[in-house]
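For ligands, and for the atoms within them, numbers begin at 1 and follow the listed sequence.
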Amino acid sequence: MLEDTSFAIHPDKDKQTNAQAYQDIGRVLEYKKTDSNYYFICENGNVMIRFFTSSIVRVIMNPFEKPKLDLSKAVISIPNQVCVEAEKEKESILLTTDQLRLTIMTAPFRVKVTDKNNVVLLEEEKYGMGHKVSGEIVAHKKMYQTDHYYGFGEKSGFLDKRGEKYTMWNTDVYAPHNPETDPLYESIPYFMTLRDGRAHGIFFDNTFRTVFDMRSFSDTYAFMAEDGQLDYYIMAGPTPKDVLSQYTHLTGRMPLPPKWALGYHQSRYSYGSEAEVRELAEEFVERDIPVDVIHLDIHYMDGYRVFTFDKEKFPNPKQMITDLREMGIRIVPIVDPGVKKDSEYQTYQEGIRGGHFCRYIEGETYFGDVWPGTSAFPDFTDEKVRKWWGNKHAFYTDIGIEGVWNDMNEPAVFNETKTMDTAVIHRNDGKPATHRELHNVYGLLMGKATYEGMKEQLHGKRPFLLTRAGYAGIQRYGSVWTGDNRSFWEHLQMSLPMCMNLGLSGVPFTGPDVGGFAHDTNADLLVRWMQVGAFTPYFRNHSAIGTHYQEPWQFGQKYEAIMKKYIQMRYQWMPQLYTLFYQASMTGAPIMRPLLMEFPDDEKTYNLNDQFMIGDNVIIAPILAPSVTDRAVYLPAGEWVDFSDGTVYDGKRTHLIHAELKELPIFVKKGTALMQTKWISNTDKAPENVCMDVYAGTNEEKYIMNFYDDDGETFAYNDGRYLQLKLEVVSKKDAVSITVLNKAGDFKPAYSTIEVRVHGLAEDQKTVINGEDVRDKAMIDLVN
Ligand code: GLC
C-alpha cells in the first residue's frame, strides 16, 4: 500500500534495490550442427539457431540446459526446409539464407543480423544475451537513433513505443487506464522496429512475466523474462506488411468471422431480463437502427454460474433467441472461467469429479473469489479440460447461440495479486508447470477451448468469440476488446493507438467499449465515439452498471439521428470491411492500420495517433475532443477525396478540416475504389447489393482491388464457395477504366451485377468497364 503514496519516490529507495550479478553468455566453446539446428555451447549458456523460412530465424538461449524446442503455445507453424549457407571463419560463423545473414562472433558470443542487402536489423555490442543467478534472462540489442517501435499487443499510450518500458503479465485493470497503466489484459511479447523506412520484427516467445525496455538506455534496448529461456524469432520484413505476414505465419491468422460479427453490437452490464432484452431489440427495430448482436452480461446467469440462465429473469431463453433471430439479432452471452463452488451445481460437480480444475501440487483445488463468490478455475492447459469445456458450450449452441464473450480470463481474481496463486501447478498436457510460467496463456487456452468447442457444436457455422485476455496467437480464436475503459475523451483518443498497435501485433479484430465502460458518458462523447466505432474492426457499445445508459437514443433525437447515420454507414461499408477481414485472414494485414503501414517512408506518419487507415486507401480522421469542430489532418502522398462532399485535397500536407458534430472526416485516395452496399437496416430484407465506388484519378494511377464475398456464415468457402474479383482501376486523362482481371470461386451471391459509381470524373474523362464505354449503366455483370 505504501507504494501508492509518496513513499514510492523516497530518496533512499534506490539503495534498497538489489542489483544481482549479470552473467554474460561468454565465449563460444563448441559449435555444431544437428539436422537444421545450429548449436553453440558457450561459457554461460547454450544457443540454438534455426531458420523457419528464409526470412524468419529463431534464436534460443538457455543459460542452464540444452535449448528446449517444444514449449510454444503461440507458434503453430513448423520450420520449412531452408537453404542455409554456413561458413566458419576464425572468430565468427556466418549463416546466410537468401533473405537474412547472421554473423555470430564467438569471443564473446554476439549476433548481428542483416538483410539480403546488408542492412543491419539487429546488432549486439557491449551487451548481448545473459542471465542473472535468479534465473532472469535478458537480451540486449543496439538501439538506433532512427528506430521507432510498434506492437507490444494491448498497451495504452501513444503509437510509437520508443522511450517506453512494458511488462507482459495479463492483468485485470479496472482503475482508469492512463498512459502508464501497464500491464493490461493481453500479453503479446512482440514488436516491430521501423528504421529508415524498413521494418523488422521480434517475437519473444516466453510465457513468464516479460519486460521490454526501450527506455532505460539511449543506445540499447532490452527484453527480458523472469525465467525460462530466451526464445525469440527475428522477422526480416522489409515492409511492415511483410513483418505482419511473417509474424502471423508463425502465430496464425484470424479465421474469417461470421459477417454478423462485423455488425453493430449493443451491450450493457447488464440487460437484466428477457423483457428488457426484448424491449431493447424492439426499440432498435422501431427506430430502424441496424444491430446484429445484443450481449448478455453476468446477470443472465443463475447466481453467476456459467452454463445456466436465471430462471426467473430469463424463463425462456430459447424462445427469446428464436424471436430475436427473426428480427435479425443474435445473442452473445458472457462466459467467465470461474466456476462457483457449489456442490449442487452441475458444472462444479463435473469439474471436481473429472479433475478439471486448477490445483496445487499437493492436490488441493485452487479457489479464488470472482463474481459468483468462491470459485474454481478450469485448467485449460490440459486437452481433456479444453474438450470438456468446449463440449459444455452445447448448452448455448443448442438454443441458437453462435457467439460467446470470454471475460475475466487473465484469470482475474479479487485478491491483492489480482490473479491465481502463481504456485498452482497446471497439467500442461503432460508437462506440468506453475501458474507463474503459464499465467499469460490462460486466456489464450480458454479461447482455444471455447472457439474449438463452439465450432464443433455449430456443425459448419462460424463461431464468434470475444475475449479480454490473450497471448500471442489469440487472433486464431477471437476478437479482442480493450477492457474496462472509461467515458473520457482521453480514452477515446487512446483507443486509436491501442487498436492500431494490436493490429500491428497480429490481432486485427479489435475495438474498445464504444462510449466508454465506466463513468457516465455524454451526448457529444458518445456521438464522436460512435463515429470512430463505425470504422474500428470490432464495433460494440458497452457500459457499466450504475452508469448512464448509452444506447443510441439515450440523449434525444438530435444525437440519435447522427448515431443512426454512422451505424448505418458501418453497414454501407460492409462489403469493403468484409474484403479487408478476408485479407487479414489471409495475410495478417490489419483492417484498421496506422498510416505508417502504407507510408513507411513518410516520417510524419510514425507517431500519428489521431488518424487511422481502413485498408490501403481510406483515412479516418475523427474529432476526439469536446466542442471541437476543426482539426488538422495529415494527408500523405497522393490526392485525397473527402468522402462526404468530394472536395479534393493534396497529399504530403496538413489541412485544417471542419467537422460539425454530425460529421466524421473520411478521405479516400484518388484513383482507388471502395465496395459498398445500400443495405442499412434490420427491417429491410431487400436483396443484398454491392456497388463499386471509384474515385477517378487523372495521373495514370493504377489500383488493384481484390474484392471478396461468400455466404458470410459457414466454412463452405473452404470448398470453393466464394467470390473473388480482381478488379483493376486505371485512371487516365481521357478515361477511368475498370477491368475484371480475374474472377474466382463458385459462390453465387444474391446480387448478379455490381453497380459502378465513378466520383469526380473530369469533363473529358469517360468510364470504361471491361473495355467498353459505358454511359448510363455502369455495371459489372457477374453472370456472363
Ligand atoms: C468486467 C468486464 C466488463 C463486464 C464486467 C461484468 O469488468 O471487463 O466488460 O461488463 O466485468 O461482467
Starting from [atom], locate the nearest protein heavy atom and write down its residue, its atom name and how far away it is, to 0.1 Å.
atom                    : result
atom 9 (O) of ligand 1  : His542 NE2, 3.1 Å
atom 12 (O) of ligand 1 : Asp297 OD1, 2.6 Å
atom 11 (O) of ligand 1 : Asp407 OD2, 3.0 Å
atom 7 (O) of ligand 1  : Asp484 OD2, 2.7 Å

Inset, instruction - Output yes when the distance from some N or O of ligand 1 to some N or O of Asp336 is under 3.5 Å, and no in every other case. - result: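 No, there is no polar N/O contact under 3.5 Å.
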Inset, instruction - Just say parallel, tilted or perpendicular for the rings of Tyr269 and Phe517, cut-offs at 30° and 60°. - result: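 Tyr269 vs Phe517 ring planes: parallel.
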Inset, instruction - Name the orientation class of the two ring planes belonging to His295 and Tyr538 (parallel below 30°, tilted from 30 to 60°, perpendicular beyond 60°). - result: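 His295 and Tyr538: perpendicular rings.
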Inset, instruction - Assess the side chains of Ser585 and Arg253: does a donor N or O sit below 3.5 Å from an acceptor N or O? - result: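 Their side chains do not contain a donor-acceptor pair, so the 3.5 Å distance test is not met.
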Inset, instruction - Verify the distance criterion only: is there a donor paired with an acceptor across the side chains of Glu350 and Trp388 at less than 3.5 Å? - result: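 Glu350 vs Trp388: donor-acceptor pair found between side chains.
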Inset, instruction - May I ask whether Trp405 places a heavy atom under 4.0 Å from ligand 1? - result: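 Trp405: in contact with ligand 1 (<4.0 Å).
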Inset, instruction - Mind checking whether Asp172 contacts ligand 1 via backbone (N, CA, C, O), side chain (CB onward), both or neither, at a 4.0 Å heavy-atom cut-off? - result: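 Neither part.
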Legend entry - Tyr578 six-ring centre to Lys259 NZ/CZ under 6.0 Å and within 45° of normal: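 Yes.
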Inset, instruction - Could you give me the CA-CA distance, side-chain angles and deciding distance for Asp302 and Lys311, then say whether salt bridge (Lys or Arg N to Asp or Glu O under 4.0 Å) is met? - result: CA-CA 7 Å; Asp302 169 16; Lys311 289 205 172 64; 5.8 Å; no
Legend entry - Contact atoms of ligand 1, heavy-atom distance to Arg468 under 4.0 Å: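 Per the distance check, 1 (C), 2 (C), 7 (O), 8 (O).
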